Amino acid sequence: IVIFEDELNKLFNEIDQVYVSGASGIIVQDFALIELIKKQYPDLEVHCSMQMNIANLDGIKLVEQLGSERVVVPREMKFEQIKHIKDNTSIPLEVFGHGALCVSYSGQCYDSTLLDQKSANRGRCSQYCRMPQHIINKKSGEIITPTNYPLNLKDLNTIDTFNKFKKIGIDSFKIEGRLKGVEYASMVTNQYSNLNQGIESNYDLTNVYNREHTTGIMNSNKSIDLVNLNRPNNNGIEIGKVVGIEKNTNKNLGFYDNIISIATTEELNKLDVIRFVNENYEDGQIVEQFENKDCKYYKQFDRKVSKIITPS
């Protein structure tokens with residue numbers, strides 16, 4: 001993160017604790033910290049964060065001279081640019097391989113700072129790009145943007161292009177996990193680790209949290225292919241269709257107003273989060289009770305929701 005002058009003492013107290021704990025390296029965004037840390041902890045590796053936005057060979061050579069041992073290249077670079085740097089420097093390179101993408105250049109977004117006084121460069125991004133946005137014609141008042149989320153990027157997934165980066169000698173892949181659960185971290189990391197070791201794995205990463213996937217700018221995707229215009233949160237997978245809605249007459253299910261019948265194409269389990277969607281409406285619910293796993297699903301709905309959800 002970006003560090004202010006009056007925070008240096010606190011910073012080095014924290015680095016002391018990290019160093020004593022046996023950490024092999026520390027990642028920084030501030031250029032000045034590379035030299036400061038190397039002077040005080042010469043055997044502690046300093047890695048340059050993607051947030052430093054070091055996107056060319058000159059920048060790579062500069063931080064190498066300052067003492068950095070690894071650089072995480074920006075997500076906005078194309079494969080050919082990354083390969084050019086790798087071919088012309090000996091410093092280890094790390095590529096952002098999987099996870100959330102920023103709509104701005106890495107480390108250069110100030111939306112959160114200007115609108116909420118929370119700096120994305122200090123780990124406090126408010127994610128305004130994930131919120132509904134409209135471009136409005138001032139003269140006519142017409143809403144120009146076709147959907148609510150024109151700044152919402154899909155999540156990066158390079159599982160299908162991993163080997164071409166490995167072939168040119170990329171030293172490590174970064175997997176983003178901010179605000180993600182243990183299951184996400186485990187499943188995604190395991191998938192890339194297996195691929196790196198040549199172990200066959202059939203697990204589908206669309207089953208873990210994602211806003212739809214893209215292979216990113218590094219694989220020459222067009223800008224429009226990076227954007228999920230419809231949804232800023234987990235995309236999920238289709239698990240079935242509503243085939244019926246009936247009034248609950250079963251006294252054993254007392255507080256459930258309606259019986260929602262779902263013909264499932266995927267296994268459904270208690271406490272799964274599912275979402276009912278049609279052209280004009282969507283509603284997320286937690287699975288609480290079944291009649292059987294193949295079809296029936298019970299949940300309390302008000303009349304409005306029951307009317308909007310139309311059985312297929």
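Reckoned from all heavy atoms, side chains included, excluding hydrogens, waters and symmetry mates. Because the structure is a prediction, the values reported are computed rather than measured.
Using cut-offs of 30° and 60° for the angle between ring planes, the Phe79 and Phe165 rings count as perpendicular. Tyr192 and Phe173 have tilted rings, their planes meeting at an angle from 30° to 60° on a 0 to 90° scale.
Between the side chains of Glu76 and Ser106, a donor-acceptor pair is found at a separation under 3.5 Å.
Going from atom CG of Asn194 over to atom CD1 of Ile159 covers 9.0 Å, rounded to the nearest 0.5 Å. Rounded to the nearest 0.5 Å, atoms NZ (Lys83) and NZ (Lys86) are 11.5 Å apart. A distance of 11.5 Å separates CG in Leu114 from OG in Ser126, rounded to the nearest 0.5 Å.
Side chain of Glu94 to main chain of Met50: no donor-acceptor pair is present (N/O by atom type, distance under 3.5 Å, no hydrogens or angles). In this structure, Glu64 contributes its side chain and Ile60 its backbone to no donor-acceptor pair below 3.5 Å. Judged by distance alone, the side chain of Lys38 and the main-chain N or O of Val46 form no donor-acceptor pair under 3.5 Å. For Ser119 (side chain) and Asn121 (main-chain N/O), a donor-acceptor pair under 3.5 Å exists by modelled atom type. With Asp30 contributing its side chain and Val2 its backbone, the two residues share no donor-acceptor pair below 3.5 Å. In terms of modelled atom types and a separation under 3.5 Å, the side chain of Ser186 and the main chain of Val182 share no donor-acceptor contact. A donor-acceptor distance shorter than 3.5 angstrom exists from the side chain of Asp171 to the backbone of Leu93, with no hydrogens or angles considered. No side-chain donor-acceptor contact under 3.5 Å links Asn233 to the backbone of Arg231.
Note on Ile168 and Met77: same hydrophobic cluster, where clusters join Ile, Leu, Val, Met, Phe, Trp and Tyr whose side-chain heavy atoms are under 4.5 Å apart, directly or indirectly.
A salt bridge does not link Glu176 with Arg75: none of the charged nitrogens is closer than 4.0 Å to a carboxylate oxygen.
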